[in-house]
Each structure stands twice: as structure tokens, then as C-alpha cells.
Undergrad: 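Sharing a structure below in C-alpha cells format, with a few things to ask.
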Protein chains: 2
Amino acid sequence: MKKPHSLDEAGLQRALAALRRVVREKGLRASSARERVALAALRYGGHFTVEDLVRRSKDERLEETHASTVYRTLPLLLEAGLLEEIRVHRDEGTFYERAFEREHHDHLVCVGCGAVVEFHSEEIEEVQREVAVSFGFVLTGHSHELRGTCTACRERGRESRA
Amino acid sequence: MKKPHSLDEAGLQRALAALRRVVREKGLRASSARERVALAALRYGGHFTVEDLVRRSKDERLEETHASTVYRTLPLLLEAGLLEEIRVHRDEGTFYERAFEREHHDHLVCVGCGAVVEFHSEEIEEVQREVAVSFGFVLTGHSHELRGTCTACRERGRESRA
DNA sequence: ATATGTGCAAAAGATTTGCAAGATC
DNA sequence: GATCTTGCAAATCTTTTGCACATAT
């Protein structure tokens, strides 16, 4: 269970700067609620939902940010490259994870116990680019999730069948 | 725009047989509603939603199958290998496509116009298996979607910026 | 006969939207 | 001051569930 090292203070500032840049480009205005959500998201260790952000977006005065505001802010955070949407986790809703200043990775999920492993394959990334080019596309992103059963779950299966 | 050739009558029968096998294995019973949904799905050319299946699941007497029944049937169709769930298409809901007797493929989507291209890379499939093995997993499935901008959309962008 | 399947309505979730009040440029 | 933002409530949408009746084994 590798814990993703979090951004330090300087990293947070760079991330906020990236957000402000996008906000400015779009002719929008600075707002503290938006930055509260961004900080909550950037500080989050693993995968999180909108609900999680609502709860953790409290500031010193314990002001929460409403869910609708979080929903309105998310597209900006994605566009600024602070977060990525992920589709791991079975039923439950939509999850996100930090993308800013973090190496890209995809996920391998156990359909038995839900364990999630991160992986990265430069070979796959390369083939993806080739595929895109061959169809005249310029890649802007991708999502790639592998599903399978982990060793532990296969053992468990064997027992219960015995 | 390559149209996926559809299953012929014999193929439909093989698919229904696969469904019946799963149904029997689970100790469930034969039902015509389930087969109506299966047929509607198998006959569908491209990508479709639950709503689409409801509309097209009419039989000779124009009996529709209720959405709740479609929802209850889908897991069986997936398990029987008749369909696959896909995550292409931006906002809109969940889509499915036929998987039975059809070569596996993934999708490349244009974020500008929504065009969807199917691709297949044996090299990627191979690396996926290697990755899974390296983490002690046995693969049961995956979803892989590339996003980018197609040639036409890039041209359009250039014009409007001009 | 008994257990499963289906239609229908209601419930449950997640996300979006309209609006009045508050913040920013 | 004009315009963007936010909180809040209500509206939407998709999917799930409870139940009474229909159907299959």
C-alpha cells in the first residue's frame, strides 16, 4: 500500500497558481470557496468523492463549501490539471485523485475485494500515442482500468469451494 | 464509419444459448422478458443505453419491457458475455455494446465532436496481462478509453482562432 | 406448490439548475 | 455598478427496491 507523498506547501502554491491561471484565462474571478475546494482536494491522500471534498473543504472557521459549489468547481480543477477523474471502485459514485505534480498512473482493481493497485507502463503510453496518431488524433487524455482477482481472493475462492 | 456487422440468426441462437447456460447455472428460470432484452441488445448496431433497450425490446405484440427489468437483466447479459459496458460518450449515461462473437476493442473518442473510433492493440493487451501477473492478479477484464481531438476538430479550432 | 420474474410505483442517489444574496473587479 | 459566486432548495436523472401478481419448474 504505497501512500502517495503529498504536496508540500510550495507545491500547493504552484497548484493554486495553475488554478488561478485557468480562472483568469476564462475571465472568471478569484474566490475563496474555489481555493478551499482545491486545497481540500490537493491535500487528500488517496481517492475521494464530492462528499469527501465537501467535508474537508472547511477552513479555519469550519466553513463548509456546499456540494453544488464543489460540483461547479470540479471542471476547473480538472482543466487546471490539479485532479483526474477515476472510475475505479465498483458501485459507489465518481472518484477523483490528485494529478498535479504526480506521475501519471492507471489502476488495477480486484473485483473480489476491491483492492486497488497503481501501475504505469511506458510501453502502453507509447502505443496509445501511436494509435492516436494513426487515426489522426492528438491525445489529450485517457482512462485505463484493469480488473482481475488478486492472489488473496483466489485463495479464498479455493477454500470456499473445498 | 465502420458499421459492426450484426449477428445472423444462428449467432443470435448461440448467444441465447450462452445466456440460458448462465441462467441455469445460477438456478434461475427461463423468461421471455430476459430474452427480449437480450435480443434487443444483440440486434443493436452500435452503442446503446438502457432507455434504448426499453424501446427496442418490444416483441411482435409490441410489448415493452420495463426499465427495472432491463436493469435487472443487464448483469446477466454481461456475465454471459453478450455485452460489455463502455464509458465513452461524455455526459450522457452508461452505454453498452455487443461483445458476443465480436473481436475485443477499445475506444478513441474526440473530445471536440464526440466521434468514436474503435481500435485494438495486441501489444497493449499483452502488456496488460504482464502487468496483472506482476501484481499477482488474474485479469478478468478492462476498460480503456483514449481521448483526443480529431483532425477535423483541430482544423476547426485553427479557423476560429484565425 | 413453491420459488422466481415482472410491472409499477416509490425510494434513493448523484448531479444540475434557478434564484436571491454576497463577493469581486 | 455590473458581473460572477455561492448557498440553498427544488428539479432532474439514473438506478434500485418493495410488493402484488404472473410465470416457470
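Quick caveat, the model's predicted, so the values are computed rather than measured. Here is the naming used below: chain letters follow the sequence lines, and residue numbers restart at 1 for every chain.
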Undergrad: Using side chain to side chain contact (heavy atoms under 4.5 Å, CB included) as the criterion, list what pairs up with A17(B), not counting sequence neighbours.
TA: R21(B)
Undergrad: Using atom CG of L53(B) as one end and atom P of dT15(D) as the other, report the distance to the nearest whole Å.
TA: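 Computing the L53(B):CG to dT15(D):P distance gives 11 Å.
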Undergrad: Is a donor from one side chain sitting under 3.5 angstrom from an acceptor on the other, for H120(B) and E118(B)?
TA: no
Undergrad: Which atom pairs, one a donor and one an acceptor, fall under 3.5 Å between side chains of residues 31-41 of chain A and the rest of the protein, sequence neighbours left out?
TA:
unit_1 : atom_1 : unit_2 : atom_2 : d
S31(A) : OG     : R34(A) : N      : 3.1
R34(A) : NH2    : R29(A) : O      : 2.4
E35(A) : OE1    : R20(A) : NH2    : 2.9
E35(A) : OE2    : R20(A) : NE     : 2.9
E35(A) : OE2    : R20(A) : NH2    : 3.4
R36(A) : NE     : S57(A) : O      : 3.3
R36(A) : NE     : T65(A) : OG1    : 3.2
R36(A) : NH2    : T65(A) : OG1    : 3.3

Undergrad: How would you summarise protein contacts on nucleotides 18-25 of chain C per nucleotide, using B for base, S for sugar-phosphate only and - for none, with heavy-atom distances below 4.0 Å?
TA: B----BBS
Undergrad: Classify the nucleic acid contact of R36(A) as base, sugar-phosphate or nothing, counting any heavy atom under 4.0 Å across all strands shown.
TA: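 Contact class for R36(A): sugar-phosphate only.
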Undergrad: At a cut-off of 3.5 Å, list every protein nitrogen or oxygen paired with a nitrogen or oxygen from nucleotides 12-15 of chain C, distance to 0.1 Å.
TA:
unit_1  : atom_1 : unit_2 : atom_2 : d
dT15(C) : OP1    : T94(A) : OG1    : 2.9
dT15(C) : OP2    : Y71(A) : OH     : 2.3
dT15(C) : O5'    : Y71(A) : OH     : 3.3

Undergrad: ring-ring contact (aromatic ring centres under 6.0 Å, His included), that's the test. Do H142(A) and H104(A) meet it? Break it down for me.
TA: CA-CA 11 Å; H142(A) 74 266; H104(A) 167 74; 4.6 Å; yes
Undergrad: Does any N or O in the side chain of R154(A) come within less than 3.5 Å of the main-chain N or O of G136(B), such that one atom is a donor and the other an acceptor?
TA: yes
Undergrad: Among residues 13-23 of chain B, which contact DNA chain C at a heavy-atom distance under 4.0 Å?
TA: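 DNA chain C contact set from residues 13-23 of chain B: none.
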Undergrad: Would you be so kind as to tabulate the donor-acceptor pairs closer than 3.5 Å made by side chains of residues 74-86 of chain A, with sequence neighbours excluded?
TA:
unit_1 : atom_1 : unit_2 : atom_2 : d
E79(A) : OE1    : K26(A) : NZ     : 3.1
E79(A) : OE2    : K26(A) : NZ     : 3.1

Undergrad: Could you state the atom-to-atom distance from CZ of R34(B) to P of dT25(D) in whole Å?
TA: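 My rounded result for the distance is 10 Å.
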Undergrad: Within the structure provided, determine whether Y71(B) and V50(B) are in side-chain contact (heavy-atom separation under 4.5 Å).
TA: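 Result yes, sub-4.5 Å side-chain heavy-atom pair found.
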Undergrad: Measure across T140(B) and T149(A) and return the closest heavy-atom pair with its distance rounded to 0.1 Å.
TA: CG2-N, 4.5 Å
Undergrad: Should H107(B) and H105(B) count as side-chain neighbours, where that means a heavy-atom distance under 4.5 Å?
TA: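 Counting from C-beta outward, H107(B) and H105(B) do come under 4.5 Å.
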Undergrad: Scan E63(B) against the nucleic acid and name what it touches under 4.0 Å (heavy atoms): base, sugar-phosphate only, or nothing.
TA: nothing
Undergrad: Looking only at non-hydrogen atoms, find the nearest pair between F100(B) and A18(B) and report the distance.
TA: CE1-CB, 4.1 Å
Undergrad: Rounded to whole angstrom units, what separation is found between the CG atom of L74(B) and the P atom of dT6(C)?
TA: 13 Å
Undergrad: On the six-membered ring of Y44(B), is R56(B) placed so that its NZ or CZ lies under 6.0 angstrom from the centre and within 45° of the ring axis?
TA: yes
